[in-house]
Structures are given as C-alpha cells and as structure tokens.
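Step one of this worksheet: look at the structure below.
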2 protein chains.
Amino acid sequence: MLKLTKKADYGLIALKYLAEHPEKTAVSAKDVADAYGIPAQLLAKILQQLTKSGLLKSHAGMNGGYALARDPGKISTFEVILAIDGPFFITSCTKGAKDCELSHNCTIKEPLARVNDTIAGVLKSISISDLTDHESAEGHAGDIAKIGLVSLSTHVVEAK
Amino acid sequence: MLKLTKKADYGLIALKYLAEHPEKTAVSAKDVADAYGIPAQLLAKILQQLTKSGLLKSHAGMNGGYALARDPGKISTFEVILAIDGPFFITSCTKGAKDCELSHNCTIKEPLARVNDTIAGVLKSISISDLTDHESAEGHAGDIAKIGLVSLSTHVVEAK
DNA sequence: CTTAATTACGACCTAAGCGGTCGGATATTC
DNA sequence: GAATATCCGACCGCTTAGGTCGTAATTAAG
C-alpha cells in the first residue's frame, strides 16, 4: 500500500513539535502525547528509538524529556522513518535479490530499485524544519531533479 | 515501511512480460506464473483484478489468456498499483482527516500529503514499457521536476 | 459431445506485523 | 524518599498480506 506506519507518523509529529518549541529544553513524551492524543507509552518507545538512533537527546528524571540532537534543518524525514520503521525497500523481494535469483530473473527489480532511490531522495530532501508549514514552500522547484533522480520516464504524465 | 505488496510486484512483472511478448495474442496466468515461480492461483486473481480495472483483456477457454488492453507505454505503474492495492496514501490517517481532526491538529499531514503527491507523480510517469530496461534510460533528467513536484526542500541532500 | 485448458469467483486459512498495553527497573530532581 | 522521567522487555489482539482450495462458467480441440 506504500503507506508509512503510524509510528513514523507519531515520530515525525513529535520531532516537529520539538522543532517548533526550541524554548523548551526538554519535552516529555507525555507532553507530546497529550498534545496530540497519541498513546503515551507508544510514543515513549518511539522517542526512545529515535534517541538510540542519535536523532534525539534524552534526559531522565524530573523535568527531563527529549530534545533534538541536531538542528531540525539537519534532520531528514528519511532518517526518522529509517530509525523507526527500519530500512524500507519498495521491492518486497528484499534488496539482496537473494530469493529472486533462483526463480529466474525478476526483471522488474532494477527499475523498481531506481524508483526506490527516487522516493528515498525525496524523503532525504525534506527536513523536520520543512514540515513546519510556512505556508508556501516556494522556490527551488528544480532542485528535486538534482537528487540523483534517474529518469525512467520517456513520457511524462501530468500529475493531477 | 513504505513498500509495495508482492501482489503489485507480481502484477508489474506480468504486465512487463506481456509487453515484452507482443507476438503472443494471449498468455495464460499459468505461463507467467511458471516463468517466474509465482504461485499460479494467486497470479490468476491478480490478473483478474487487472482485467476488471481495464488494464488487461481476457479470453477464457483453451488457448485463452490475457493481453494488454492498451499500449504498454500508456499504462502507468501508478494505475497498476492502484488497481491491485487500491488507493494508497502515505499518511496512515486516511485522507479525510476525519479521525485526526478531533485529536487536535495533525499538523504534519499537509506536508506529507505533498510527499504523497510527489511519489504518485513519479509512479504515474513510469509506464510498463519503461520497465523494460533498455539499459540506460538517459535524458529527460529535468522532466521529473515538472511532474507537479511541490518543492518542500530548502536544503537538498545528496542522495547516496 | 466429450475432454482439456483456462478465466472467474468466493470461501478459507495461516503467519506476520502493526498498534498498543503492562510491569518493572533506573535515573534525576525536589 | 517521593514524584517524574526515561528505559526496556514481554505480551496481546487485530488486521492484513499471501496463499490455497473448490467450483462454476467459457471456449477450443479431438
């Protein structure tokens, strides 16, 4: 279905929240959970994962909580999703082509891998601070094309 | 995890196979299944779905089978995935924002919806005939940028 | 007209993963 | 030492993906 998990959603929401409140030195999982109606214990585990991945700094004890480990502009959504959901690959045949090799040539994998890279590139290009919608994120229209997009298309269809 | 299902994989593989064998007027599900080691009955159901969606034409009976309903260049991977897996949305909170509304503002959804559109645009730009890897699908490097990509990035990260 | 190939369709099953909870341990501040 | 927190592992219910089975309807070939 190509959808990302709720955990990743929650993680992104939490990081965005942290990015929007730089005045607070530490925000508890419960605070964020209450603010958005997210199950507190679940969010706690997510934030712990993000901490282990080095995206957050944690501080236990009273008045403790989490804080961004880096500038929100330096944290990509790709990293967040990776930290929470693990490495993703469009192809259900996992990367190694190990399983598909025996069943002849899964000829579709190479082009699909390029699609995978494209999507990853898009995700890498979007940082947490980009999620803070300052309404129109105009400009830089051509930059996306530089993200290592392999052009697969010989016939560009206009997207709705 | 942002991966597409095996069913979609199988469907794409089958369509590519059909596109590569235009000489055959009809290919049975079993033929394709045997060629790639795909469970025959499962593939059959997938091809039936694609037929219902108008991407394939079917012919029952002996020497029957499936054929592309259109030129492979006119069938986008987006359509295939849509036909098999149904509409996909990056956001786990389904499109209507119905469920998220009550739990305050799920501020992350708008930017994520744009990511969704971007990915959809990429998928729409890739046709079945594009999957036939004529090695380097060069050129058109900038075209992707025209696909209605909303530029979210202010800081482009180099993709691997 | 019988047989074999093939699509069409629905019921069903199983394993895995997501979303979530619970309980307890550790750390830190007041 | 009591109140907040992070930490961490075990557990659980539910959905869904992936796949099977059986059966009916269609069509071509002998």
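Letters go in sequence order (proteins before strands), and every chain restarts at 1.
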Contact class for A/A29 (heavy atom, under 4.0 Å): base, sugar-phosphate, or nothing?
-> sugar-phosphate
Hey, what do you get for CD1 (A/I128) to CD (A/E20), rounding to the nearest 0.5 Å?
-> 10.5 Å
Between NZ of A/K30 and C1' of D/dC7 the distance, given in whole Å, is 18 Å
Atom-pair distance (NZ on B/K6; P on C/dA15), nearest Å | 15 Å
Whole-Å distance between D/dT6 P and A/N63 CG?
-> 11 Å
Length of the line joining B/K57:NZ and C/dT7:P, which is rounded to integer Å = 15 Å
NZ-CD distance between B/K30 and B/Q41, expressed to the nearest 0.5 angstrom = 11.0 Å
For A/P22, check side-chain contact (heavy atoms from CB on, under 4.5 Å) against everything at least two apart and list the hits.
-> none
Nearest-Å distance, CG (B/D9) to P (D/dG18)?
-> 9 Å
B/I46 CD1 to C/dA8 C1', straight-line distance once rounded to whole Å | 15 Å
With nearest nucleotides of DNA chain C determined for B/Y66 and A/Y10 from heavy-atom distances, which residue corresponds to the more 5′ nucleotide?
-> B/Y66
Partner residues of B/K52 under the salt bridge (charged side-chain N to carboxylate O under 4.0 Å, His left out) criterion, sequence neighbours left out | none
Taking the side chain from A/D117 and the backbone from A/R114, do they hold a donor-acceptor pair closer than 3.5 Å?
-> no
side-chain contact (heavy atoms from CB on, under 4.5 Å) filter on A/L42, not counting sequence neighbours, yields A/K7, A/Y10, A/P39, A/I46
Gap between atoms CD1 and P, on A/I81 and C/dC18 respectively (whole Å) = 14 Å
Out of D/dA29, D/dT6, C/dT7, which nucleotide sits closest to the side chain of B/S28?
-> C/dT7
What donor-acceptor contacts under 3.5 angstrom involve side-chain atoms of residues 54-72 of chain A, with partners at least two apart or in another chain?
unit_1	atom_1	unit_2	atom_2	d
A/R70	NH1	A/K74	O	2.9
A/R70	NH1	A/E79	OE1	3.3
A/R70	NH1	A/E79	OE2	3.3
A/R70	NH2	A/E79	OE2	2.8
A/D71	OD1	A/G73	N	2.7

Test side-chain contact (heavy atoms from CB on, under 4.5 Å) on B/L131 and B/T77 and set out the steps.
-> CA-CA 9 Å; B/L131 296 182; B/T77 54; 4.3 Å; yes
To the nearest 0.5 angstrom, please state how far the CG atom of B/L15 sits from the CD1 atom of B/I84.
-> 7.0 Å
Residues of residues 48-56 of chain B with any non-hydrogen atom less than 4.0 angstrom from an atom of DNA chain D: list those, numerically ordered, please.
-> none
For A/S58 and D/dA5, is the shortest distance between a side-chain N/O and OP1 or OP2 below 4.0 Å?
-> no
Using a 4.0 Å cut-off on protein heavy atoms (strictly under), produce a 5'-to-3' string for nucleotides 20-27 of chain D with B for base contact, S for backbone-only sugar-phosphate contact, and - for none.
-> BB----BB
Measure from NZ on A/K7 to C1' on D/dT15 and round the result to the nearest Å.
-> 15 Å
